Chemist: 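The structure follows.
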Amino acid sequence: MLTDEIQLRLKEQDQIFNTEDRGFIEVEHERERTLKVTQAQLKEILPVQAAQNIFDISLNEFGPYNGLDVTRNGKNILLGGKKGHVSVINWKKKDLKTEFHAKQLIRDVKFLQNEKMFAVAQKKYLHIYDSSGIELHCMRDHQEPKLLDFLPYHYLLVSASKLGFVKYLDVSIGQVAAEIKTKRGEPLCMQQNVQNGVICVGHTTGEVTMWTPNMGSTPVVKMLTHPSAPVLSLATSRCGKYMVTTGKDSKFKVWDIRNTFQSVHTYFSPVPAVTSTFSDTGLIGLGFGNEVQVWKNAFAEKQKAPYMKYRLPNKSQVSKALFLPFEDVLGISHASGYSSIIVPGSGEANFDAFEANPFETKKQRQEAEVHNLLQKLQPETISLKVNTIGMIDDAAPDVKAKEQRELEEAQIEKLRKKDRKKNKMRGKAKIGREMGNKTHQVHEAMREKNKLQYQKEYQKTKQEQDMLENDMEFLDKIEDKFDPLESYFIQQNKPSKRQKF
Amino acid sequence: MGKKVKGNTSASKVNQDSNEKDLHSKMLDQIGLSVSDSKNIAKDSNKKSKHSNKKAERQQENVVDFDQEFMDDDEGGDQQLTLGDIFQSIGVSKLSEKEQKSKNNDTINASKLQKQIKELRKDAEKNPAISQPLTGRKRLQIEREQNYKQVQKHMKKWIPQVKENREADYVDFTTTDVIGEGGGVKLNSLNQIASNLKASQATSKLEQQIQQELSRQGLQSENDIKRKEQESLKNVLSSDQLEQRYQQIAQMKSLLFRQEMKNRRISKIKSKLYHKIKKREKDREEKKLIDYLEQIDPQAAQVYREKEEQKKVEERLKQRHASNNKFAKKLKRFGMMENENIRETYNEMMREKNTLKQRTKKVNPFVEDDDSDISDDDSGSEEEDDINAIRKKALKAIQNEIDDDASDDDEENDQSGDDDEEEDESEDEDSDEIDLNFDDQKKSQQKQKKETEKGILGLKFMQRGEERLKEQTKEQAKMLMQQIKEDQEILGLSDEDNNKNNAFVKASNKFGQSKLEIKQLETHNITDDQLKKAAVKLAGSKLNIDNETQNAKNSSKNNDDKKKKDKKQLEVTFDVKEDLKNFKPDNKKVISISKDDQVLRNLFIAPQDEEQAMEEFEKEKDEQIEDELGNKVKAPIVQRGWNEWAGDGVNESNHEKRQARVTEIKKKKIEELKKQRADSKLKGVVLNVEERDKKFAQKYLVKELPHPYKNVKQFEALMNVPIGKDWNTLQSHKRLIQPDVLTKAGTIIKPLKYKKDLPIRMETIEALVEHRHGKREKRPAAKF
């Protein structure tokens, strides 16, 4: 869509404004491998501040921590243990913001627009909490939610339930924007395409379906990613071009989801990967067993070995991995807590403070929230063809005409429905109403009676006035120095004199 | 003669009828009758005109006769009037000249007459008799047309200017030619206006006089005056004096300023309490005065006091608080006043209330009004405390009085005062002060009483009566006190866990103690909170990189133990952790899930399985697409018996053939459409991109190419250009967001000025005018 000139300009801008570099681990020799670099080695090399980002939180009691989410500015992480433990942590300062126990099974957690609110998919319903752990809402129409996602530009909280529903909840107005029946049973994984807001859902049939709130229960795209094996996890890249899926068939595939919807490369993992994640810079993180792999440049050309590898120290199973934005950090939640490791080059080095500000102050956060709310996109804008907004509709004229007709008819129908009101006669004989009617009648009669009188008076006065005007006009013509006011007073005074006599 | 002609024309203005009758009157006019006369004659002439209709000649003769009669009446120049005049005035009448001449011959001076006739003709040609103006509607129409033309002509000259303004990107009303120099007219302050008024502009006599006087003294301008002032100051004052003077001025200024601030503050304060205090002060002063008066002239004081009392009583009677309360209202509303007992009670209540009010009024200025007044003052716990304090004071005062009454001696009074002081000691300092003040007041009151007793109330029966009254009031006061005490107790119980102790003093003591206790508790709370937080942090998160979790746990446990030892209350709040430990989610389900996982992980998937799955998927996709397209593709419906021959010997196979053909066509069409689909060549993918996203299209796509664009590319290219601030230079951004009309705040915009030399072709104007004309719709022709 962008012209060459604009692209050139953007490049220039990039050079001017985005001055920070992304630092990957570089090899000096062919036979050197980045894979062999361990966290312990990194910790020694790295500056103290960065080295502090390698840490573990052991939470043995309420694991496995299925729910893991991070705010858009990467400041806070949200942990949700399967056995009910929920906590918000400012991971950089190692500051525990909130912690509570939901006393229920927890399937997923998700931050909403900022760290001040988050949603928790609990055993029965979807709950929304605030930053201090107070339950704000309990969404009973989201039954048995399993997976959660949040579209920040649309303020839509998307929940996929165990029963196969996908629901869009508009968080700003608290209404359900759309409800979709996937008709494919329990979904296994769900993620949005950040570029266009399309929701990708992985199913047990090995299919990945893409949904928008407009199209009802027909997926925009349906693709068989892992034939005869359930899709365990999927992740989309920030640029919206690539998708990674992992299946029970121990494969993970990189897909082009722009035009072809075909797999670019297929990789094998020793065991089926449970989780996958894309970093802002295009690194792919995979988790299986107690191991996490990071693949670099996996979609451009087929790689032979991962970029980095990390084994969890206490042999606990990985449940979710997530690259944290604006930091070279991969957060891993596992059966017994959370650990964060450093993956050089995984973080976006240049941030746009209007989008997501890692150094956000309170005031800025509040301001940004208002701005975002004002700039909220409607759910209808979600489409695969986002770039066509504002362009000319290329459909056939008869199709357009038909749609127009339908729209008008629908509007008319709506109006009709509004007009129709049941004329119920209930309560007509209430004493109050009857009394009211009677008094009304009396008043009406009075009014009628007075009306005649008023009319007479009015006519009389009008006649007088007309006479007066007529006279004045006449006098005006005859006498130059005629003063209408004087004559009026004279006229007025006349009857009073008579009365005296 | 000339006069006559004029008369002719003026008369013709008045009478403008065309029939003979009017002609007649015209003739009369020509003769020179006044209007009033003519009216008189008109009647006659009317009569005559009836006859004249029949015979014209005769009529004329008549007229001549008529004329002659009047001619005799007229004094001067009668001879000069001729028949010619008359006929001329008729003007258009077709009386032949011959006739005229023949008749003229009868009269004198034929040649003269001829001349006259000629002149008259000329005149008539020049000023023909003015025809009657058109009737209303027609006239209005013509007027409108003319008006329109004129307006059009006038408006034409503005066209170029308006056109220019309309075509401009923005109209600037901030330039000097629009708002004038110096930034336009501004609303000036008074000073500015004053300074603008020059001496030369002095208008009134006084001003002029002053001006003259000033100019005589050599003070023509403001500067002169200043200079002179300075000189005079220099002459008079030395530098020290000047300094002193400045200091004085500064002092004065500061004093003034302070006074102003004070005034401001005072004017701000309008609270009830303030007024009450003021009132109290006023009362005190009054009392002093009265006391003084009593010393000088006791009788006058008594009279004064009685007057005051009367006033109060009157006021009380007017107020009738009790008759307005809810209970009284209800009584009245439901007609319970008829019941004698109830009325009795009601009256009693009223009486009681009055007396009580009197008592309380005497006792304490704070309780003058009803309780509602106090509660109205402010809200908040502080206020409540105040009320409590006031109540206490009132109670004490009453008790004091009771005690006083019980013992007439001074000693006991002192004792009670001592008691009071003891009580006060136990209370807060603030209330202490107020109470002491209060005691002082009381003492002064008692002194007063004694003084009065010496005077008029010294008589025995009066004393007895007073005693009786005192006893009554005492009982009432006791009752009241008890009630208030009870109230206090309830309040105390609800506020804090106080013991049920009737002694007021003790209760207050306890109150203080409990407060202290609470403070202690609070401090405990804080420390424990901190401990707990630390513990939770340590135990729950274990954020440290090195695993020192065990130690942390131990410490947390220790803390827990400590907590238990500390207090039970704290435990209630901090039990969450234990709750968490006790809680167990459905263990069975968790296990089943994990088992499932393992099973699936061990699953081996063969490539054949994959192929099979893929095939199935493709099959499904085909079916789905065909289903969808089948609904879209239109094909003729083949039904048995329609478009076919029926009866014996008809070949059945024809029908089947037709059917097959139709289905084939349909299939072909579907195939074609399928190939057109985006996902036709993609294996394992179903794209519903082709299907129309109605909601999206209706809202976010442009339906048709907008007017000025010639093709889609052009439009889309323009739409692709970003117009945001981030993508444009500052200059172009400013241009983009510039308002259409630029104005300056607070300035008056002058109306549009006519500019002569604006280039615009006349053709365009003409075209415009033509266009306007063309735009006006012509009235459609009437149809029959």
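Note that the coordinates shown come from a computational prediction; the quantities given were computed from them, not determined experimentally. Proteins come first, then strands; the chains are lettered A, B, ... in the order of their sequence lines, and each starts at number 1.
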Chemist: Quick check for you: among B:Leu705, B:Leu701, B:Val721, which has the greatest number of heavy-atom pairs under 4.5 Å with chain A?
Modeler: B:Leu701
Chemist: Select one option (side chain, backbone, both, neither) describing which atoms of A:Pro213 are under 4.5 Å from chain B's heavy atoms.
Modeler: backbone
Chemist: So, does A:Gln262 use its side chain to make a donor-acceptor pair with the main chain of B:Lys683 at under 3.5 Å?
Modeler: yes
Chemist: Is the shortest side-chain N to carboxylate O distance from A:Glu380 to B:Lys699 below 4.0 Å?
Modeler: yes
Chemist: I want to check something: taking the side chain as every heavy atom from C-beta on, are A:Arg9 and B:Trp727 in contact at a cut-off of under 4.5 Å?
Modeler: no
Chemist: Between chain B and each of A:Leu79, A:Thr381, A:Leu384, A:Thr260, count heavy-atom pairs under 4.5 Å; write down the option with the most.
Modeler: A:Thr381
Chemist: Would A:Gln404 and B:Gln698 count as a side chain to side chain contact (heavy atoms under 4.5 Å, CB included) if you check the C-alpha gap in whole Å, the side-chain angles of each, and the deciding distance to 0.1 Å?
Modeler: CA-CA 8 Å; A:Gln404 188 65 29; B:Gln698 275 171 356; 5.8 Å; no
Chemist: Give the intermediate values and the outcome of side chain to side chain contact (heavy atoms under 4.5 Å, CB included) for residues B:Glu628 and A:Thr218.
Modeler: CA-CA 12 Å; B:Glu628 270 173 32; A:Thr218 51; 5.7 Å; no
Chemist: Using a strict threshold of under 4.0 Å (side-chain N to carboxylate O), is an ion pair present between B:Glu610 and A:Lys251?
Modeler: yes
Chemist: Given a strict heavy-atom distance threshold of 4.5 Å, which part of A:Thr225 is in contact with chain B: side chain, backbone, both, or neither?
Modeler: neither
Chemist: Would you indicate whether the side-chain heavy atoms of A:Ile389 and B:Met719 approach each other to under 4.5 Å?
Modeler: no
Chemist: Mind checking the CG-NZ spacing from A:Leu224 to B:Lys621? Nearest 0.5 Å is all I need.
Modeler: 11.0 Å
Chemist: In Å and rounded to the nearest 0.5 Å, what is the OG1 to CD distance from A:Thr388 to B:Glu716?
Modeler: 9.0 Å
Chemist: Can you say whether A:Val399 sits under 4.5 Å from chain B via the side chain, the backbone, both, or neither, judging by heavy atoms?
Modeler: side chain
Chemist: Non-hydrogen atoms of chain A under 4.5 Å away: do they reach the side chain of B:Glu618, the backbone, both or neither?
Modeler: neither
Chemist: Work out which heavy atom in A:Asn259 is nearest to a heavy atom in B:Leu682; give both atom names and the distance.
Modeler: O-CD1, 4.2 Å
Chemist: At a heavy-atom separation under 4.5 Å, does A:Ile392 approach chain B through its side chain, its backbone, both, or neither?
Modeler: both
Chemist: If you compare all heavy atoms of B:Tyr700 against all heavy atoms of A:Gln378, which two are closest, and at what distance to 0.1 Å?
Modeler: OH-CB, 3.2 Å
Chemist: Who wins among B:Lys695, B:Gln612, B:Glu704, B:Lys681 for the most heavy-atom pairs under 4.5 Å with chain A?
Modeler: B:Lys695
Chemist: Taking atom CD as the centre, does B:Gln731 end up with more than 12 heavy-atom neighbours from other residues, nucleotides or ligands that are less than 6.0 angstrom away?
Modeler: no
Chemist: Heavy-atom distance under 4.5 Å to chain A: side chain of B:Glu615, backbone, both or neither?
Modeler: neither
Chemist: Can you name the closest pair of heavy atoms from A:Gly390 and B:Phe715 and give their distance?
Modeler: O-CE2, 3.5 Å
Chemist: Check whether A:Ile382 gets within reach of chain B through its side chain, its backbone, both or neither, counting any heavy atom under 4.5 Å.
Modeler: backbone
Chemist: Using 0.5 Å steps for rounding, measure from the CZ atom of B:Phe696 to the CE atom of A:Met215.
Modeler: 11.5 Å
Chemist: Which heavy-atom pair separates B:Val685 from A:Phe261 by the least distance, and what is that distance?
Modeler: CG2-O, 3.2 Å
Chemist: Measure from the side-chain N and O atoms of A:Lys400 to the backbone N and O of B:Lys703, and report whether any donor-acceptor pair falls under 3.5 Å.
Modeler: yes
Chemist: I'd like to check A:Asp393 versus B:Val702 (side-chain heavy atoms, cut-off strictly below 4.5 Å). Are they in contact?
Modeler: no
Chemist: Identify the two heavy atoms, one from A:Ser228 and one from B:Ala613, that lie closest to each other, and give their separation to 0.1 Å.
Modeler: N-CB, 3.5 Å
